[in-house]
> 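The structure is given below, and queries will be raised subsequently.
Per chain, numbering begins at 1; letters A, B, ... match sequence-line order. Here the structure is a predicted model, which means the values were calculated and not measured.
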Amino acid sequence: MPMEKTFDAAAAEQRLYDAWEKAGCFTAGANAKPGADTFCIMIPPPNVTGSLHMGHAFNNTLQDILVRWHRMRGFDTLWQPGQDHAGIATQMVVERELAKDKSNPTRREMGREKFLEKVWEWKQHSGGTIINQLKRLGASCDWSRNAFTMSGAPGAPEGEDGNFHDAVIRVFVEMYNKGLIYRGKRLVNWDPHFETAISDLEVENIEVAGHMWHFKYPLAGGETYTYVEKDEDGNVILEEERDYISIATTRPETMLGDGAVAVHPSDERYAPIVGKLCEIPVGPKEHRRLIPIITDEYPDPDFGSGAVKITGAHDFNDYGVALRNRIPLYVLMDTKGHMRTDGKPYAEEAALARAIAEGHQSASSIDTTAVNLVPEKYRGLDRFEARKQVIADITAEGLAVMVENPKAGEEGEPDLIPFVENKPIMQPFGDRSKVVIEPMLTDQWFVDAEAIVGPALDAVRDGRTQILPERDRKVYFHWLENIEPWCISRQLWWGHQIPVWYDEDGKEYCAATEEEAQAMAGGKTLTRDPDVLDTWFSSGLWPIGTLGWPEKTPELEKYFPTDVLITGFDIIFFWVARMMMMQLAVVDQIPFHTVYVHALVRDEKGKKMSKSLGNVLDPLELIDEFGADAIRFTLTAMAAMGRDLKLSTQRIAGYRNFGTKLWNAARFAEMNGVFENYNPDGSSPNPSETVNRWIVGETARVRAEVDEALAAYRFNDAANALYAFVWGKVCDWYVEFSKPLLMDGTPEQQAETRATMAWVIDQCLILLHPIMPYITEELWGTLGKREKMLVHADWPTYGAELIDADADREMNWVISLIEEVRSARAQMRVPASAQVPMLYTELDADGRAAWDRNEALIKRLARIDSLDAAETMPKGCITIAVEGGTLGLPLEGIIDVAAEKVRLEKSLGKLEKELGGLQGRLKNPKFVDSAPEDVVEETRELAEAKTEEADKLRAALARLAELA
RNA sequence: GGGUGAUUAGCUCAGUGGUAGAGCGCUUCGUUCACAUCGAAGAUGUCGGGAGUUCGAAUCUCUCAUCACCCA
């Protein structure tokens, strides 16, 4: 049965993947040679809630290429797959599922234990989506080892057992005991939607249209001072008596929690009032709070009024100022971002705050964060509603800074209006919840990252771990050198619960189990810390955790440290840096020797793909349309290190066509009996026909190129080298060259050519397999009987010894002759179907020999019917100048002499331009003296060849002129 | 504000000091037995601007411009 004209990816992919899996082709160590080195890649675990997007497709294609390449080379290979439990995302998904049915209890109504049961149910039912999608892509992971960052957690159902929970808890306890983990009240990013702390990496700072309000903070006791403003040259431009200090803010609702007003120590404008008290212009008049005017380096004198209100509990910069200057921290909001309703009446709380401000009460003796300074009228309001009311109240009282109304004079317009600047401000948003993040003072657990960062920095500095592209080292260094304490607690339920218990007195007991904690606590009643650990804390242990640590498993022994990590640039901080720190802190070894950081896949216009823009290309849809191989090849060919990919379907179609081209070359071979009686023994052919010798050498070249490219993680170079070889060499030339031999050759020539072509096509399949696994495996199986599937075929090692320089030279001569003839014919409008005679006036021995050996294929491809010697070229002849010869197509009557003249002049013009450059260099003594010898020699040879060719063209032109 | 990168054919991009390239698109021609998801031929470049180093610069240095991303 003849082969189909195209590869039916949709029909074959599933079948082939199943066959690989069924045969255990992907299991750790499959196809390993005895005593082989190991090669291990850890998949960056996708979220359990995730589904395959282009970034995954790209990332996993690159991993699969490396893995398949090493497996075929006989390494003991493991590609370790798994998923991340994704705390917030998963909890969000399950809560949303529950909410779909109104009769369901909410998470809180359900309670922690019940809810977690629901999460596990969801995980078992829907958590495998991305795994199946990765399989469609062709990812050759060892799925039997699929890992999960929550495996083995209490309450995990059957089938979810494993060591990960133990590993996480053990690391926490060890780090706690070493003092590397501590609990403390710190300002953290708080997500009011999910009511949990999040890390600063989970915050997106987005520029939004905002406002800057300007308010007057009256000086206490009606004091006044002379406010003087000067220009750059020191000339006074404004001088007035003031009884207030002007403050600009983008968040007026936080004024209620101000602890001070700060100015820069060098700011002369406010020097007279530093140390005095001023009044916060909001809240019941009888309880106006007084706060001190202090100096600090933080305020920028040139920004706004130069004076900054300090709200230590609700702003990161202010927090620093407050700590430096012992300014009390007043918390204004609850976990939902509403103004607090707890605590004592405002009058009492304000009195306490006033006592602190006036120095009658020590701030350190009480917990100021418990003091609720929200006046009754604002209590319970949403933070944004509170803002509106605060602004209205201050303005009504006349304490807003006023400016001239541009519309003054118009009907109903006042002369002055409050000074409100419209300006873009950077606002923090939760990357999951999309709500405005609130800096909040809360009790959280932290890793003392600074204490463990050293080894992670050293490992990259001294090259034990290499980051590619190299410039991303800087990103890594910059982040680690400025590392902040890592907040690892989350106020969620889905995750590893923190293994710390408290007794009635609040004393902490950190232990792996409740029994151990209980033993430590004696008979006291313990309650466990309700918080869970940041997901990245557990995924930070991914390399050792997936291999079975803390057990000393054979896999851990064998595959750790792993080899390469392939990941997106966006999680260098999230994950790469943390894995480096954690592995070095826990087992004192680097987790991998190479980190390949890749860029983003964008749409064809260069926009980031996003659901809201609607420009998302779904890899699964693309696989349906073009086949997985085409997607993979496209991503690979575009994977220039460190550059974003702009993906267009047109490009994918092009590489789908490339697959078809390969398919049809194989089909040609099959139709010509190339694979009949084909019994490869693993050796390379040693044919005698020049054409065959030539293609064997070209194959050896591309094999070396591919290996070199992959070894250097230059995936695009590997893909492009293969594309150029398979299409440009094998299909365009070799298949055509083979036709006369296969069809009209002697039995020996036929046999040799069949054997060579079978070998060449096999090499194409082998070399392409890591990038295009499906079509190559299908052809491998279709073309011949095989001992092993292609996925386990031996990767070749042959090299330059297969290159025959004479065959190379000869075939390149033949190719250029054919190209010259074709070009001349096309330009002179010789009908493509016309068989024409050819003459030569000179042809050296090499040329003569080349012609003789390749006559049949030259005639066929250039559509020539004879070659004869001539004394001179006849009238009306197209001249073909090649190395070592002048040939011509006598076409009197068919061609136009004038057109031939134009054609020759054009070629000559091009040649002369090139010659000008070459000879200019050669005439320059400095070039000859200082350039490397081989460069000079090369230039000289090139100049000679070009001169020779130009002479031939000139001679031809002269003849044309005589005739005319 | 700090950092990083980009600027090469109409488009998307390779190209680490020695003859400016690929794919797509475009034009013309072509159904001869692998392939029209094809073949043949062709056109298109002040390599962002300027200066410098060098025998020689798309490539190294400086500078300017524009754009992008990351961090504050």
> Taking Watson-Crick and G-U wobble pairs with both distances under 3.5 Å, convert RNA chain B into its dot-bracket string, 5' to 3', dots for unpaired and | for cross-strand pairs.
((((((((.[[[[.)..(..]]]].(((((.......))))).....[[[[[..)....]]]]]))))))).
> Using 30° and 60° as the class boundaries, would you call the ring planes of A:Tyr655 and A:Tyr723 parallel, tilted or perpendicular?
perpendicular
> Checking A:Phe668 now: which residues fulfil ring pair (Phe, Tyr, Trp, His ring centres under 6.0 Å) with it, not counting sequence neighbours?
none
> What is the distance, to the nearest angstrom, from the CD1 atom on A:Ile652 to the P atom on B:U12?
17 Å
> Whether the A:Ser823 and A:Glu819 side chains hold a donor-acceptor pair (N or O, under 3.5 Å, no angle test) is what I'd like checked.
no
> Calculate the interatomic distance between A:Gln919 atom CD and B:G18 atom P; express it in whole Å.
21 Å
> Rounded off to whole Å, could you give me the CZ-to-P distance for the A:Phe725 and B:A22 pair?
19 Å
> Checking A:Ala322 now: which residues fulfil side-chain contact (heavy atoms from CB on, under 4.5 Å) with it, not counting sequence neighbours?
A:Ile310, A:Ile327, A:Leu329
> What string of B, S and - do you get for nucleotides 52-62 of chain B, 5' to 3', if B is base contact, S is sugar-phosphate-only contact and - is no contact with any protein heavy atom under 4.0 Å?
---B-------
> Can any side-chain N or O of A:Glu705 pair as donor or acceptor with the backbone N or O of A:Leu722 at less than 3.5 Å?
no
> Rounding to the closest angstrom, what is the interatomic distance between B:A51 and B:G45 at atom P?
22 Å
> What side-chain donor-acceptor pairs closer than 3.5 Å can you find for residues 929-940 of chain A, not counting sequence neighbours?
residue, atom, partner, partner atom, Å
A:Ser930, OG, A:Lys926, O, 2.3
A:Thr939, OG1, A:Val935, O, 2.6

> Between B:U37 and B:U31, how far apart are the C1' atoms? Round to whole Å, please.
16 Å
> Does CD in A:Glu450 sit with more than 12 non-hydrogen atoms of other residues, nucleotides or ligands closer than 6.0 Å?
no
> Starting from P on B:A72, measure out to CG on A:Asp315 and report it in whole angstrom.
14 Å
> For A:Glu819 and for A:Val203, find the nucleotide of RNA chain B with the closest heavy atom, then tell me which residue's nucleotide is more 5'.
A:Glu819
> Of all residues at least two apart in sequence or in a different chain, which pass the side-chain hydrogen bond (donor to acceptor under 3.5 Å, both in side chains) check with A:Glu914?
A:Lys946
> Considering only the P atoms, how many Å lie between B:C26 and B:C69, rounded to the nearest integer?
31 Å
> Please list each protein N or O that sits under 3.5 Å from an N or O in nucleotides 42-45 of chain B, with the distance.
residue, atom, partner, partner atom, Å
B:G42, OP1, A:Ser823, OG, 3.0
B:A43, OP1, A:Lys906, NZ, 2.9

> Rounded to the Å, how far apart are A:Gln650 CD and B:U12 C1'?
10 Å
> Within this structure, what is the CG-to-P distance between A:Asp431 and B:C70, rounded to whole angstrom?
13 Å
> Taking the P atom of each, how far is B:G18 from B:C33, in whole Å?
46 Å
> Round to the nearest Å and state the distance from A:Leu480 atom CG to B:G3 atom C1'.
16 Å
> Determine the interatomic distance between P on B:C11 and the same-named atom on B:U54; round to the nearest Å.
36 Å
> Rounding to the closest angstrom, what is the interatomic distance between B:C38 and B:C64 at atom C1'?
49 Å
> Distance check, C1' atoms only: B:A43 and B:A9, in whole angstrom units.
10 Å
> With sequence neighbours excluded, what pairs up with A:Glu778 under the side-chain hydrogen bond (donor to acceptor under 3.5 Å, both in side chains) test?
A:Arg15
> Between A:Trp663 (side chain only) and A:Glu4 (backbone N and O only), is there a donor and an acceptor less than 3.5 Å apart?
yes
> Identify, with sequence neighbours excluded, every residue that meets ring pair (Phe, Tyr, Trp, His ring centres under 6.0 Å) alongside A:Trp813.
none
> Round to a whole Å and report the spacing from CZ of A:Arg471 to C1' of B:C70.
12 Å
> Rounding to an integer number of angstrom, what distance separates B:G39 and B:U4 when you compare their C1' atoms?
46 Å
> More than 12 heavy atoms of other residues, nucleotides or ligands under 6.0 Å from CD of A:Glu708: yes or no?
no
> List in chain and number order the residues that pass side-chain hydrogen bond (donor to acceptor under 3.5 Å, both in side chains) with A:Asp762, two or more places apart in sequence or in another chain; answer none if no residue qualifies.
A:Tyr678, A:Arg786
> Which nucleotides of nucleotides 28-38 of chain B have their base under 4.0 Å from a protein heavy atom (B), which only their sugar-phosphate (S), and which neither (-), written as one string 5' to 3'?
S---B-BBSBS
> Which comes earlier along RNA chain B counting from the 5' end, the contact point of A:Tyr655 or that of A:Thr939, where each point is its nearest nucleotide?
A:Thr939
> What residues form a side-chain hydrogen bond (donor to acceptor under 3.5 Å, both in side chains) with A:Arg863, not counting sequence neighbours?
none
> Around A:Glu855, counting heavy atoms of other residues, nucleotides and ligands shown, do more than 12 lie under 6.0 Å from its CD?
yes
